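For reference, the structure is listed below as structure tokens.
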Amino acid sequence: MSESLSPRRFPLLIVASICLTVLLSGYSIWKRFQVEEQNRSVAIAADYESIEALASGQGMTMDKALEDVSAQGLNALVLSEDSIGGLISEGRARLVVSPAAAGKNPLALEVEDDRQIERIVKGLRIRFGNLAFGRDSIVGTKLKLPDLSAQLIRSTPVGLDPDVAAMAVNHHLQIIARCSNTGGERSAAVRQTLQWAHDLGATIFLPQGDEVLGRRDSIDDLIDSLKTIPMLYASPEFAKIAGDTDVLDRAPSQVVRLHSAQTAELDKLSPIDAVDRYVKAARERNMRVLLIRPLSLAAPQPLGAFDQFVKEIDRQILKNGQEVGKPHAFWEPGIPKPFFILLGLAIAPCVWFAVARFVTSKKVRLAGGVLLGLLALGCFNKLGAEAIALLGSMSFPILGFYALDSALPRMKGPLGIRMLAGFWLVSIFSIVGGLCVAGMLNSLAFYIRAAEFQAVKLSVFLPIVIVGVHYFLTLSDWKGALKSPITWGTSALCLGLGVILAVLIARTGNDTGLGPSGGEMVFRNLLDRFLYVRPRTKEFLIGHPFLVFGLGMLARLLRLRRNGPGSYPVLAGWTILALMMGAIGQTSIVNTMCHIHIPFTLSIARVLEGLVLGCIIGFGVWAAFGRFVPGREA
């Protein structure tokens with residue numbers, strides 16, 4: 001047990017490493033900020049079929065409907081491929097029996113518009129190649145079909161409707177082509193399908209169904225076609241589409257991310273919250289295409305209601321400083337690979353210092369330092385960079401508490417000032433930890449979530465455990481505590497703490513199985529509405545208040561030990577627990593800044609708002625209950 005915290009200052013090498021980490025990370029993040037600021041254009045899109053249904057309910061022509069909705073901010077139209085079966089069901093073609101030789105398909109298609117013949121022939125040739133037919137199969141408005149099953153014939157795509165595409169171009173709407181992977185596609189068919197859509201005005205390709213076009217063996221043709229035509233690829237958020245990750249990994253420069261909401265999801269939201277959902281997707285997660293679906297299909301003026309929905313989304317996007325226009329893919333920030341080696345070498349001593357306090361063997365310390373140096377030299381590689389980023393994300397919050405140990409005994413002045421200074425000292429180290437991760441993982445793949453920060457749960461919770469162990473060894477008679485029998489109160493406290501940490505672990509990460517409750521969603525919506533950006537709940541309601549309270553308890557404990565003999569085990573135990581819970585907010589700060597697909601300015605704003613609110617709440621709790629903590633100054 002120690003009567004004071006460690007009075008030792010950080011070695012000069014560690015101070016220099018921390019400063020160099022801040023400078024290098026700051027440069028990397030500045031390059032990222034430039035990329036983000038130069039790509040703020042968002043497309044507001046809708047399905048053609050949705051607008052057609054709304055317009056028909058209002059007795060309006062599609063030409064007039066597109067004119068009205070584009071005036072409210074819609075600037076993109078999603079067009080799906082037609083199929084031969086679709087043409088038949090719409091009455092634009094019909095199957096008839098045609099005289100044929102034995103063994104040949106007796107079916108033929110008859111159309112009234114010659115342009116439909118051209119589409120059908122082109123679609124069949126793209127899909128079946130040599131199995132299709134020559135021009136001699138066309139007799140007037142009748143087309144003899146190849147010797148294929150009626151089911152295959154019906155499922156064959158025939159491209160975008162050229163009349164609808166021309167109407168979209170006439171209204172200055174960008175065309176997003178939805179093309180499906182029908183099965184049995186030839187490699188050449190992938191490029192021909194995209195080229196056909198592009199010739200009709202499409203600039204963005206959006207997968208239809210649960211597979212991208214060309215999945216699986218023709219994915220190379222899809223990627224090559226996107227680059228050479230060129231076309232952008234819209235990657236739908238939250239959707240599970242086979243082949244999507246392949247495109248993100250291998251053609252990130254062609255990717256724009258798309259957000260939409262299903263009808264069932266929109267039905268649970270108020271109009272204000274529905275608008276907010278789309279606007280937040282563009283502002284907070286860098287979505288560059290918003291696919292809008294109607295809030296209601298049965299309004300007195302269906303299209304008019306949709307127009308108002310689009311208008312409000314457009315207004316809020318402009319209010320946030322973004323623009324509605326042609327979306328662009330992100331690009332690499334242009335940082336040379338040797339830079340990341342230098343940043344890794346700056347981070348490595350900090351990692352070593354955070355761990356070295358728990359290692360007594362000089363040989364092990366030396367070996368660990370050498371290994372960290374070698375790992376830093378491998379930061380030109382993705383694996384090495386992610387490993388150093390992970391170690392840095394865990395080390396800096398721990399270093400923050402080490403800095404607190406050194407500074408708190410030397411602080412003078414009123415208790416509240418010392419608590420505030422200690423709180424911000426620890427938090428600054430955690431912010432540096434977030435900066436080092438954001439600086440190290442600064443690349444296009446992270447902007448579009450083709451890559452994500454790994455081992456999130458480990459980086460969030462291992463430092464909490466280490467902080468708890470550190471203060472257990474520093475503030476308590478740990479040898480005596482380990483020999484003491486476990487009481488019912490201690491068991492209940494440990495069980496409660498375990499449940500809290502288990503819930504936080506379950507809810508940490510990119511895809512968690514434990515979502516927020518209805519009441520929590522209402523609370524989040526209120527925060528979103530009244531604050532610049534919503535801070536994380538576990539930061540400003542749990543971690544930061546606990547840290548502020550724990551700092552007050554720690555200052556009281558140190559004062560008692562300086563003024564007279566005694567271990568004060570009860571106060572020491574509660575102080576350790578409060579500081580350990582306070583570490584939850586610190587690791588969450590780092591984690592907030594690890595989401596590279598979120599604009600950096602919003603991440604830092606979220607952190608700062610959480611710190612201010614959490615600090616206020618913490619001092620409020622201290623004002624109410626601090627008088628019950630022993631050791632008050634006279």
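Please read all numbers here as calculations on a predicted model, not as lab measurements.
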Contact summary for [X] and [Y], nearest pair of heavy atoms:
{"X": "Pro545", "Y": "Glu539", "answer": "CD-O, 3.7 Å"}
{"X": "Ile388", "Y": "Cys379", "answer": "CG1-SG, 3.5 Å"}
{"X": "Val465", "Y": "Met580", "answer": "CA-CE, 4.3 Å"}
{"X": "Cys436", "Y": "Thr21", "answer": "CB-CG2, 3.7 Å"}
{"X": "Ser588", "Y": "Lys538", "answer": "OG-CE, 3.4 Å"}
{"X": "Leu611", "Y": "Ser427", "answer": "CD2-OG, 3.3 Å"}

Has the side chain of [X] got a donor or acceptor atom that lies under 3.5 Å from a matching backbone atom of [Y]?
{"X": "Gln316", "Y": "Asp276", "result": "no"}
{"X": "Arg556", "Y": "Val629", "result": "yes"}
{"X": "Gln38", "Y": "Val35", "result": "no"}
{"X": "Arg357", "Y": "Ala354", "result": "no"}
{"X": "Arg365", "Y": "Ala356", "result": "yes"}

Does the cation-pi check pass for Arg283 over Tyr532, that is, NZ or CZ under 6.0 Å from the six-membered ring centre and within 45° of its axis? yes

Calculate, to the nearest 0.5 Å, the distance between atoms [atom1] and [atom2] belonging to [X] and [Y] respectively.
{"X": "Glu284", "Y": "His259", "atom1": "CD", "atom2": "NE2", "answer": "11.0 Å"}
{"X": "Leu342", "Y": "Ser28", "atom1": "CG", "atom2": "OG", "answer": "11.5 Å"}
{"X": "Leu290", "Y": "Ser260", "atom1": "CG", "atom2": "OG", "answer": "9.0 Å"}
{"X": "Ser406", "Y": "Leu399", "atom1": "OG", "atom2": "CG", "answer": "12.0 Å"}
{"X": "Phe423", "Y": "Phe619", "atom1": "CZ", "atom2": "CZ", "answer": "8.5 Å"}
{"X": "Phe10", "Y": "Ser17", "atom1": "CZ", "atom2": "OG", "answer": "11.5 Å"}

Less than 4.5 Å apart, any side-chain heavy atom of [X] and any of [Y]?
{"X": "Ile598", "Y": "Asn286", "answer": "no"}
{"X": "Arg534", "Y": "Glu609", "answer": "no"}
{"X": "Phe429", "Y": "Trp424", "answer": "no"}
{"X": "Thr587", "Y": "Phe461", "answer": "no"}
{"X": "Met419", "Y": "Trp622", "answer": "yes"}
{"X": "Glu386", "Y": "Leu441", "answer": "yes"}
{"X": "Val590", "Y": "Ser459", "answer": "no"}
{"X": "Leu258", "Y": "Met287", "answer": "no"}

Should Glu323 and Arg40 be marked as a salt bridge (charged side-chain N to carboxylate O under 4.0 Å, His left out) after you check the CA-CA gap, both sets of side-chain angles, and the distance that decides it? CA-CA 6 Å; Glu323 61 184 57; Arg40 300 178 63 81; over 6 Å; no

Is [X] atom [atom1] crowded by more than 12 heavy atoms from other residues, nucleotides or ligands, each under 6.0 Å away?
{"X": "Trp30", "atom1": "CH2", "answer": "no"}
{"X": "Leu318", "atom1": "CG", "answer": "yes"}
{"X": "Tyr278", "atom1": "OH", "answer": "yes"}
{"X": "Leu383", "atom1": "CG", "answer": "no"}
{"X": "Phe358", "atom1": "CZ", "answer": "yes"}

Would you call the rings of Phe401 and Tyr471 parallel, tilted or perpendicular, taking 30° and 60° as the class edges? perpendicular

Residues Thr537, Ile542; criterion side-chain contact (heavy atoms from CB on, under 4.5 Å); working and verdict: CA-CA 7 Å; Thr537 305; Ile542 300 175; 5.6 Å; no

Walk me through whether Val437 and Met593 qualify under side-chain contact (heavy atoms from CB on, under 4.5 Å). CA-CA 8 Å; Val437 177; Met593 300 172 69; over 6 Å; no

Under 3.5 Å, is there a donor on one side chain and an acceptor on the other for Tyr447 and Asn39? no

Going by atom types only, do Asp273 and Ser270 share a side-chain donor-acceptor pair under 3.5 Å? yes

Apply salt bridge (charged side-chain N to carboxylate O under 4.0 Å, His left out) to Glu452 and Arg449, showing your working. CA-CA 6 Å; Glu452 294 181 286; Arg449 293 192 76 176; 2.3 Å; yes

Indicate, with yes or no, if the rings of Phe446 and His597 have centres closer together than 6.0 Å. no

Within the 6.0 Å centroid threshold, strictly below: Tyr402 and His470: yes

Under the side-chain contact (heavy atoms from CB on, under 4.5 Å) criterion, do Met440 and Ile347 qualify, and how do the steps go? CA-CA 10 Å; Met440 183 64 76; Ile347 296 171; 4.1 Å; yes

Let me see the working for Leu547 and Leu579 under side-chain contact (heavy atoms from CB on, under 4.5 Å), right down to the final yes or no. CA-CA 5 Å; Leu547 180 57; Leu579 293 173; 4.0 Å; yes

